[in-house]
Undergrad: 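My questions all concern the structure below.
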Protein chains: 2
Amino acid sequence: MPASPAAPGSTALGEPRSDAGRRRAGRPVGGVLDKAGITAAALKLIEKKGYDGLTMAALARSLNVAPSALYNHMESKRDVLLLVEDHLAALVDVSAFGAEPWEEAVRKWAWSYRDVFSRHTPLIPVIAVLPVTDAPQTLAMYETVSAGFRDAGFPEERIVSSIVALESFIFGSAYDVTAPADIFDSGSMAEATPSFTGAVRSLAAQGHERPADVAFSLGLEALIAGLGALRGA
Amino acid sequence: MPASPAAPGSTALGEPRSDAGRRRAGRPVGGVLDKAGITAAALKLIEKKGYDGLTMAALARSLNVAPSALYNHMESKRDVLLLVEDHLAALVDVSAFGAEPWEEAVRKWAWSYRDVFSRHTPLIPVIAVLPVTDAPQTLAMYETVSAGFRDAGFPEERIVSSIVALESFIFGSAYDVTAPADIFDSGSMAEATPSFTGAVRSLAAQGHERPADVAFSLGLEALIAGLGALRGA
DNA sequence: TCTCGTAAATGAATGGCATTCATTTAGTGG
DNA sequence: CCACTAAATGAATGCCATTCATTTACGAGA
């Protein structure tokens, strides 16, 4: 474990090569550029500037290092995204599996999963195609969830498909959270689309603060009920 | 229903024909650079080179035009993607609404929707945040589907949320189709994740040709059953 | 104590990208 | 025939990820 948490301040790299006198500075400061350090810097950058601000140059700058230095530790920017993804996977709440009934455990897991990634939707295309081998925390999440399904009485050959179905719904719903409020405004086509326009108005009249939550709850409860019926079959 | 199958494809697309002496002089060739022409060229490019090959430069080249010329017709590359998205929306099969029972109509719509966009996953982040105003064919799809839900007895204020829930599942599942076969290979962590590894093996032993279809079917049937129960409530 | 191998950092390319802009072109309506 | 305007041009601009030859500094072995 090389990484001490922060301890970055002292270094001030970027020494000119000549001037051999004060060589204190250029040395490999323990662990700022290891995976934990890169992940932490990337997360801080994302938080402050969003995913558009997450460039290799900006990441390097936040680590007081030249952009090319990052490539001694990562093969590509995708690796940085993987690191971030795996970090986030550890934030998903799986604690209810083994402690509460299956339905409630799935419910808590799904809401938590959606909430975490709704703030990181640019990662979704990455996750969806990500071999779990490269993401230990993500794999750990799957293990806990799988065990929960098995213990709830799911036939083994249906467990993965059920989880995938839930995950697909969760990823799609994460996008939904970020959609603008007026996404369903049919504008000038309103008269040409009476059923849809009416349905949109009728939903709006309900005055929900977060319409995305209504759809998510509706779909999630349907999935829990439908998938739950597979137990013991 | 405005959902006519194809766009007004009247204009001959940007075939590489004008190679004759008129290198100079961008005379306004009638309609090659209108929305239909741009859409057709973009689709052809995507088909041949994938979304990585869809650059403004390549698109312009396939239309025998300078890249900057595109900006007389579109504000940004995003507009090109919107055009493509809306074209694809017209390919989604909504014909069963009004002709078959609600369950079967939803089933056909959902499979078709997923199949179309599983070949165009880079559009998903665009669609998910796309105001429908800018996409008439997409809006037409929503109108048909909404009418189908209304006629099936759904309370008006639940229609949009139900569609959104289904769509979220569809988008997530579209990614799933593109995932590599070995995505769940837990590699060196296999012994540390017995439940998950066992579940993966057990699914693999079933020998499904398209595992993504199993998960999609499972989730879709659960959603149809769960959402269907809202009718008349 | 010296020397050398190596891991890690440097900065200067490279090539690709979307987008902008001043300018030019060619049809069209008066 | 002229003026207006829509549309095309190509030469920037600025940003980006990534590569590479070179340099630096530490530590292991002599």
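In what follows, chains carry the letters A, B, and so on, assigned in the order in which the sequence lines appear, proteins first and then strands, with residues in each chain numbered from 1. Below, each value reflects all heavy atoms present in this structure, side chains not excepted, and no hydrogens, waters or symmetry copies.
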Undergrad: Relative to each other, are the rings of B:Tyr51 and B:His120 parallel, tilted or perpendicular (30° and 60° limits)?
TA: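 Aromatic pair B:Tyr51/B:His120 classed perpendicular.
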
Undergrad: Give the table of side-chain donor-acceptor pairs shorter than 3.5 Å for residues 174-187 of chain A, with sequence neighbours excluded, one pair per line with atom names and distance.
TA:
from: A:Tyr175; atom 1: OH; to: B:Tyr175; atom 2: OH; distance (Å): 3.0
from: A:Thr178; atom 1: OG1; to: A:Tyr175; atom 2: O; distance (Å): 2.8
from: A:Asp185; atom 1: OD1; to: A:Gly187; atom 2: N; distance (Å): 3.1
from: A:Ser186; atom 1: OG; to: A:Thr197; atom 2: OG1; distance (Å): 3.1

Undergrad: Could you tell me how far apart A:Asn72 (CG) and C:dA8 (C1') are, to the nearest whole angstrom?
TA: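 That distance rounds to 5 Å.
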
Undergrad: Rounded to whole angstrom units, what separation is found between the CG atom of A:Asn64 and the P atom of C:dT10?
TA: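 So the two atoms are 9 Å apart, to the nearest Å.
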
Undergrad: Between atom OH in B:Tyr51 and atom C1' in C:dG16, what is the gap in whole Å?
TA: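 Distance check: B:Tyr51 OH to C:dG16 C1' gives 20 Å.
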
Undergrad: Considering only nitrogen or oxygen atoms on both sides, find all protein atoms under 3.5 Å from nucleotides 15-18 of chain D and state each distance.
TA:
from: D:dA17; atom 1: OP1; to: A:Met56; atom 2: N; distance (Å): 3.3
from: D:dA17; atom 1: OP1; to: A:Lys77; atom 2: NZ; distance (Å): 3.1
from: D:dA17; atom 1: OP2; to: A:Met56; atom 2: N; distance (Å): 3.0
from: D:dT18; atom 1: OP2; to: A:Tyr71; atom 2: OH; distance (Å): 2.7
from: D:dT18; atom 1: OP2; to: A:Lys77; atom 2: N; distance (Å): 2.8
from: D:dT18; atom 1: O5'; to: A:Tyr71; atom 2: OH; distance (Å): 3.4

Undergrad: For B:Lys108, enumerate each residue passing the salt bridge (Lys or Arg N to Asp or Glu O under 4.0 Å) test, keeping only those at least two apart in sequence or located in another chain.
TA: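 If we apply the salt bridge (Lys or Arg N to Asp or Glu O under 4.0 Å) test to B:Lys108, skipping adjacent residues, the hits are B:Glu100.
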
Undergrad: Below the 4.0 Å mark, does D:dA6 have OP1 or OP2 next to a side-chain nitrogen or oxygen of B:His73?
TA: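 False: B:His73 side-chain N/O out of range (4.0 Å or more) of D:dA6 OP1/OP2.
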
Undergrad: Do A:Arg114 and A:Asp213 meet the salt-bridge criterion of a basic N to acidic O distance under 4.0 Å?
TA: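 Judged by the 4.0 Å cut-off on N to carboxylate O distance, A:Asp213 and A:Arg114 do form a salt bridge.
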
Undergrad: More than 12 heavy atoms of other residues, nucleotides or ligands under 6.0 Å from CZ of B:Arg107: yes or no?
TA: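 Yes, because the 6.0 Å sphere around CZ of B:Arg107 holds more than 12 heavy atoms from other groups.
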
Undergrad: Expressed as a whole number of angstroms, how long is the span from A:Asp34:CG to C:dA9:C1'?
TA: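 Rounded to the whole Å, the gap is 16 Å.
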
Undergrad: Determine whether B:Tyr142 and B:Ile163 make a side-chain contact, defined as any pair of heavy atoms from C-beta on separated by less than 4.5 Å.
TA: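 B:Tyr142 reaches B:Ile163 side chain to side chain.
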
Undergrad: Nearest-Å distance, CG (A:Leu70) to P (C:dA9)?
TA: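 Distance check: A:Leu70 CG to C:dA9 P gives 9 Å.
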
